[in-house]
Number of protein chains: 2
Amino acid sequence: MTGASFWSQFELRQLRCFVAAAEELHFGRAAARMNMTQPPLSRQIQLLEHVLGVKLLDRTSRAVKLTPAGRVFLLEARRILRLTESAALATRRIASGEAGTITLGFTAASGYSFLPRLLLQRASHAPNIDVALKEMVSSEQVESLLTGRIDVGLLRPPITRGEFTTIKVASERLVAALPFGDARLGQASLRLKDFDHQPLIMYAPEGARYFHDMLTALFEAEGITPVTIQSLSQIHSMLALVRAGIGAALVPEAAQSLHFDDVHFRAVETDPPQPVELFAAWRTDNDNPALAGFLDLLRQDESDAVAALD
Amino acid sequence: MTGASFWSQFELRQLRCFVAAAEELHFGRAAARMNMTQPPLSRQIQLLEHVLGVKLLDRTSRAVKLTPAGRVFLLEARRILRLTESAALATRRIASGEAGTITLGFTAASGYSFLPRLLLQRASHAPNIDVALKEMVSSEQVESLLTGRIDVGLLRPPITRGEFTTIKVASERLVAALPFGDARLGQASLRLKDFDHQPLIMYAPEGARYFHDMLTALFEAEGITPVTIQSLSQIHSMLALVRAGIGAALVPEAAQSLHFDDVHFRAVETDPPQPVELFAAWRTDNDNPALAGFLDLLRQDESDAVAALD
DNA sequence: ATCTAGCCATCCAAAACGCGCATTGGTCCA
DNA sequence: TGGACCAATGCGCGTTTTGGATGGCTAGAT
């Protein structure tokens with residue numbers, strides 16, 4: 001027995017035949033509309049009625065009428081058919097990348113300035129692409145990219161995996177966060193040597209490797225030795241310590257959007273002038289169709305970032 | 001060419017195969033669940049993908065995964081399949097008479113008392129049967145029953161058509177509607193001879209044939225001749241004239257629920273004591289499955305009506 | 001590196017299905 | 001009573017689908 005002799009479920013073809021017959025109230029015309037002849041259409045409707053166990057059409061040789069059950073089923077059938085079409089349409093839109101969902105990982109720091117700008121662009125340029133946000137540090141993002149938990153990550157270098165494609169989407173200056181009363185607040189702009197032998201709240205090498213390595217390199221290049229009071233991973237926490245007067249901190253300028261009472265910011269001259277870089281990374285073999293459209297947004301930022309360097 | 005070489009619409013079988021495969025993420029197990037072997041299941045899903053023009057499942061030889069489009073389509077497919085089952089269920093319920101709609105014609109007079117009682121019964125005994133109400137005079141109801149515009153009519157005799165089944169559902173006394181100041185208000189109960197040579201607002205033979213003929217017969221039997229001031233069809237309008245002091249009217253007791261200022265009612269003794277009869281009628285060949293359940297309600301009223309006669 | 005197990009796609013013959021044609025049976029109208 | 005009309009049915013045929021066998025591919029074990 002391959003197919004059961006009575007099949008307990010109907011098919012869409014039967015629904016289409018029924019709707020045509022119910023609307024035309026004439027098997028011949030309905031068959032014409034279905035691009036077939038009358039006998040098979042009759043059979044399809046008989047089959048449907050048999051499956052349902054319900055007579056849907058009252059047919060005398062002179063007239064075809066809907067039974068009460070048929071009237072109800074006609075509405076249901078139309079709804080089902082409408083749903084099938086919209087389902088196909090929606091799926092094709094997803095597949096074509098016109099719509100869809102991108103899961104985006106981002107670091108806390110990128111959330112202060114770059115991410116809001118990006119989401120604003122998305123709203124105007126790709127309104128049908130939803131973005132699901134997950135905050136995580138860079139190393140977690142790399143892991144999540146590999147397992148597919150996120151489609152794209154906004155993270156800090158280094159990103160060495162070969163299966164990733166990366167672009168730089170933003171470069172930022174460093175700014176100094178200084179507590180109320182700090183003598184250096186008198187200057188409009190600081191230099192790295194202003195931090196020589198001064199208390200500094202530093203980045204933890206484990207949790208914030210990028211910032212840690214970058215600052216270490218900058219200081220080393222100029223032969224400067226700040227006094228590390230405390231190492232932290234989160235910029236938010238560092239500013240809290242600055243506010244407590246424990247010392248200064250060097251943070252990306254976007255962190256200025258975090259307003260802490262009694263914490264003031266001053267520009268810092270570095271070489272290069274915008275040492276804080278943010279990258280976007282995604283698996284080259286990611287098959288999310290919405291990715292292409294989303295990457296277009298990022299590439300605009302990429303050129304902006306390059307232009308800002310000029 | 002019978003079927004077009006590419007068919008632009010999918011079938012439910014394909015949806016069921018896809019849902020099974022998407023849930024099992026394993027073609028072999030999915031095929032077992034569908035009671036078939038793996039190759040045809042693969043073909044059905046390929047067909048579906050080809051029709052949609054979208055890859056739904058990412059299948060390596062080691063694992064099967066949903067594509068983003070497939071994830072969306074899985075939700076849609078489940079919804080469609082759920083809808084097909086509920087559609088079948090609903091239709092079967094209609095056909096079995098458990099649920100449905102009865103279109104009911106009723107005369108204005110029956111709406112004063114009998115109809116509200118009937119609808120109350122329906123609410124408690126057949127809550128799934130909807131009743132659509134259409135007020136019309138008896139002759140219109142006969143016409144509408146024939147054309148199928150209503151399933152059941154609540155109307156007055158005579159109903160002579162052979163294709164109808166009728167039952168008596170209510171019998172009522174006549175009451176006199178008297179204007180303020182009418183001398184007969186002094187009596188608790190009136191007799192027909194109290195209307196001899198008195199001004200009476202009468203029923204029009206065209207619009208209210210039943211009441212007209214009934215009253216004419218009652219008066220004739222006792223040799224009484226009231227003075228017909230005006231003939232009307234609607235009880236509502238007659239009471240308005242009574243209120244104006246133009247004369248008295250004889251109306252079914254249910255009309256007392258129409259409260260007019262300065263219109264007072266008194267019982268009237270007649271032979272038989274309940275001369276106003278209300279019948280339900282329906283086409284014997286009516287195929288509305290909900291009819292049986294609805295008629296059960298009416299038959300309760302029928303026995304009540306008979307009991308009231310004892 | 002080779003082997004093995006697991007899994008999906010493809011190939012093929014047979015069965016099943018749906019189609020169209022011709023015809024029947026029934027109703028309405030002239 | 002004959003003709004027109006309409007849906008149901010019988011039947012042969014082409015297409016589709018099915019299940020078994022096979023092939024290609026990958027991951028993990030030896």
Side-chain angles (χ1 to χ4, degrees), chain A residues 1-51 55-67 70 146-147 163 285 287, chain B residues 1-51 55-67 70 146-147 163 285 287:
Chain A
M1 178 175 72
T2 62
S5 53
F6 70 109
W7 203 234
S8 53
Q9 305 238 223
F10 51 82
E11 284 297 327
L12 287 181
R13 162 176 312 272
Q14 293 157 15
L15 257 51
R16 292 188 255 271
C17 287
F18 168 69
V19 170
E23 287 177 354
E24 300 286 348
L25 290 180
H26 187 290
F27 279 51
R29 282 196 297 276
R33 198 162 86 171
M34 294 288 295
N35 291 316
M36 56 186 192
T37 55
Q38 170 260 321
L41 182 125
S42 284
R43 298 300 216 123
Q44 292 290 343
I45 292 181
Q46 286 170 8
L47 223 66
L48 177 60
E49 289 178 326
H50 183 255
V51 163
K55 192 127 155 271
L56 298 173
L57 289 169
D58 231 334
R59 25 220 203 270
T60 68
S61 59
R62 209 59 194 170
V64 176
K65 288 193 313 182
L66 279 165
T67 65
L146 287 174
T147 61
E163 57 263 61
D285 63 354
D287 66 346
Chain B
M1 177 176 72
T2 61
S5 53
F6 73 107
W7 202 234
S8 53
Q9 305 243 220
F10 52 81
E11 283 298 325
L12 288 182
R13 161 176 308 270
Q14 293 157 15
L15 291 191
R16 297 188 192 103
C17 287
F18 168 69
V19 170
E23 287 178 353
E24 300 285 349
L25 291 179
H26 187 292
F27 279 50
R29 281 195 297 274
R33 211 219 283 188
M34 294 287 298
N35 291 316
M36 58 185 185
T37 54
Q38 170 260 324
L41 182 123
S42 283
R43 301 297 290 271
Q44 291 291 344
I45 292 181
Q46 286 171 6
L47 222 66
L48 178 60
E49 289 178 325
H50 183 256
V51 162
K55 191 129 154 268
L56 298 173
L57 289 168
D58 231 335
R59 25 217 200 273
T60 69
S61 57
R62 210 58 196 171
V64 177
K65 287 193 312 182
L66 279 165
T67 64
L146 287 173
T147 61
E163 56 263 61
D285 64 353
D287 66 346

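Worth knowing before you read on, the calculation uses all heavy atoms, side chains too, and leaves out hydrogens, waters and symmetry mates.
Protein atom CZ of A/F27 is 12 Å distant from nucleotide atom P of D/dC6, rounded to whole Å. Counting to the nearest Å, the P atom of D/dT17 and the CD atom of B/Q38 are 16 Å from each other. Rounding to whole angstrom units, CG of residue B/N35 and P of D/dT18 are separated by 12 Å. Rounding to whole angstrom units, NZ of residue B/K65 and P of C/dC7 are separated by 17 Å. Protein atom CD of A/Q44 is 14 Å distant from nucleotide atom P of D/dT9, rounded to whole Å. Rounding to whole angstrom units, CZ of residue A/R43 and C1' of D/dC11 are separated by 10 Å. Here C/dC21 presents its P atom at 13 Å from CE of A/M36, a figure rounded to the nearest Å. Put simply, CZ on A/F18 is 14 Å from P on D/dA7, counting in whole angstrom units.
Summary of the strand contacts: B/S42 and A/L47 both lie near DNA chain C, and taking for each the nucleotide with the nearest heavy atom, the more 5' one is attributed to B/S42.
Side-chain polar atoms of A/S42 and A/Q46 form no donor-acceptor pair below 3.5 angstrom.
Of the candidate nucleotides D/dT18, C/dC19, D/dA7, C/dC19 has the atom nearest to the side chain of A/P40. Among D/dG10, D/dT18, D/dA7, the nucleotide with an atom closest to any side-chain atom of A/P39 is D/dG10.
Considering only side-chain N and O atoms, B/R59 lies nowhere under 4.0 angstrom from the phosphate OP1 or OP2 of C/dC7. Contact annotation: B/R13 side-chain N/O to D/dT18 OP1/OP2 distance is under 4.0 Å. The phosphate of C/dT10 has OP1 or OP2 within less than 4.0 Å of a side-chain N or O from B/Q46.
In this structure, B/I45 CD1 and B/L41 CG are separated by 4.5 Å, a value rounded to the nearest 0.5 Å.
At a threshold of 4.5 Å between non-hydrogen side-chain atoms, the residues B/M34 and B/P40 do not count as touching.
The pair B/E11-A/R16 meets the salt-bridge criterion, since a charged nitrogen lies less than 4.0 angstrom from a carboxylate oxygen.
Residue A/R33 qualifies as enclosed at atom CZ: its count of foreign heavy atoms under 6.0 Å is above 12.
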